[in-house]
Amino acid sequence: MDRNFCQELLEAIEGADRAGAAAVVDAWAVGRPFWQVVPELLAPTLEAFGTLWSQGHGGVSLATGYVAAKVAEDVLSRLLRESGADGALAHPSRGPVLMGNVEDDFHPLGRNMVVAFLRAAGWDVRDLGVDVQPAQFVDAAEETGARVIGASAMMHTTARNVARIREEIDRRGLGGKVQLAVGGAVFKLRPELVAELGGDGTA
């Protein structure tokens with residue numbers, strides 16, 4: 001019988017067993033290319049965790065949510081190492097791209113996942129971190145020549161700050177030259193906010 005690695009990983013997270021979760025990931029990785037870890041193991045496990053959270057499942061709490069985030073960070077750190085030294089790949093860069101959490105947003109997990117994917121795919125990512133001011137995004141775009149700004153927001157209250165980035169892009173005459181990509185839980189739940197707040201797209 002095939003092992004259900006997603007279930008094992010979920011149980012390790014629910015048990016606040018970070019070392020056990022790492023062991024599950026190690027076992028899953030035997031004979032598999034590690035770049036598949038997010039779509040095949042991490043994402044479905046976190047989706048299942050989120051479902052349990054929304055249903056008020058007894059084994060899911062703020063403490064286990066913290067463990068889930070740390071397990072995801074561990075996996076993403078390994079993904080970057082597997083992709084090359086600190087995420088620097090051998091093939092030529094596809095060009096610069098910016099990533100950051102919008103002003104007043106302090107939820108880095110989603111951004112870190114996208115950064116890991118982009119670096120693994122050969123993009124030169126400038127990660128601006130959390131609580132990034134609109135001018136900082138656009139300053140970095142002008143400095144690096146990046147054609148895409150990736151702005152992450154988890155909640156509607158912080159997502160509204162995306163509109164301020166759009167205003168700054170347009171104020172500097174960069175509309176159509178610099179694209180504004182937005183992401184985060186709120187855009188998954190309310191996709192109409194992408195256009196409403198001035199985003200050029202999401203994924």
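What's counted below: heavy atoms across the whole structure, side chains too, no hydrogens, waters or symmetry copies. Note that the coordinates shown come from a computational prediction; the quantities given were computed from them, not determined experimentally.
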### Steps toward side-chain contact (heavy atoms from CB on, under 4.5 Å) verdict (Ser77, Asp74)
CA-CA 5 Å; Ser77 293; Asp74 293 342; 5.7 Å; no
Any [X] side-chain heavy atom under 4.5 Å of [Y] side chain:
| X | Y | result |
| --- | --- | --- |
| Arg166 | Asp200 | yes |
| Leu197 | Phe187 | yes |
| Asp26 | Arg78 | yes |
| Asp124 | Thr144 | no |
| Asp127 | Asn112 | yes |
| Leu174 | Glu142 | yes |

Look at the side-chain heavy atoms of Ile, Leu, Val, Met, Phe, Trp and Tyr, link any pair under 4.5 Å apart, and say whether [X] and [Y] land in one connected group.
| X | Y | answer |
| --- | --- | --- |
| Leu128 | Val114 | no |
| Ile149 | Val130 | no |
| Val125 | Phe137 | no |
| Ile165 | Val186 | yes |
| Val148 | Val162 | no |

### Query
Hey, mind stepping through Val178 and Arg172 against side-chain contact (heavy atoms from CB on, under 4.5 Å) and telling me if it holds?
CA-CA 11 Å; Val178 175; Arg172 300 195 197 185; over 6 Å; no
### Query
Is the count of non-hydrogen atoms from other residues, nucleotides or ligands lying under 6.0 Å from Trp53 atom CH2 greater than 12?
yes
### Task
Over all heavy atoms of both residues, which pair between Glu14 and Thr64 is shortest? Give the atoms and the distance, please.
O-CG2, 3.4 Å
side-chain hydrogen bond (donor to acceptor under 3.5 Å, both in side chains) against [X], all qualifying residues, sequence neighbours excluded:
| X | value |
| --- | --- |
| Asp17 | none |
| Lys188 | Glu47 |
| Glu73 | Lys70 |
| Arg32 | none |

### Task
Would you check, one step at a time, whether the test side-chain contact (heavy atoms from CB on, under 4.5 Å) holds for Val138 with Arg171?
CA-CA 10 Å; Val138 184; Arg171 187 182 70 79; over 6 Å; no
#### Entry: Hydrophobic cluster (4.5 angstrom, side-chain heavy atoms) - remaining members for Leu189
none
### Task
Given side-chain contact (heavy atoms from CB on, under 4.5 Å), test Val115 with Arg119 step by step and report yes or no.
CA-CA 6 Å; Val115 167; Arg119 285 180 173 156; 3.6 Å; yes
### Task
Supply the atom-to-atom distance Glu196 CD to Arg190 CZ, rounded to the nearest 0.5 angstrom.
6.5 Å
Expected list for residues 96-110: side-chain donor-acceptor pairs under 3.5 angstrom, two or more places apart:
unit_1: Asn101; atom_1: OD1; unit_2: Arg111; atom_2: NH1; d: 2.5
unit_1: Asn101; atom_1: ND2; unit_2: Asp105; atom_2: OD1; d: 2.7
unit_1: Asn101; atom_1: ND2; unit_2: His107; atom_2: O; d: 2.8
unit_1: Glu103; atom_1: OE1; unit_2: Arg164; atom_2: NH1; d: 2.1
unit_1: Glu103; atom_1: OE2; unit_2: Arg164; atom_2: NH1; d: 3.4
unit_1: Asp105; atom_1: OD1; unit_2: His107; atom_2: N; d: 3.1
unit_1: Asp105; atom_1: OD2; unit_2: Met154; atom_2: N; d: 2.8
unit_1: Asp105; atom_1: OD2; unit_2: Thr158; atom_2: OG1; d: 3.0

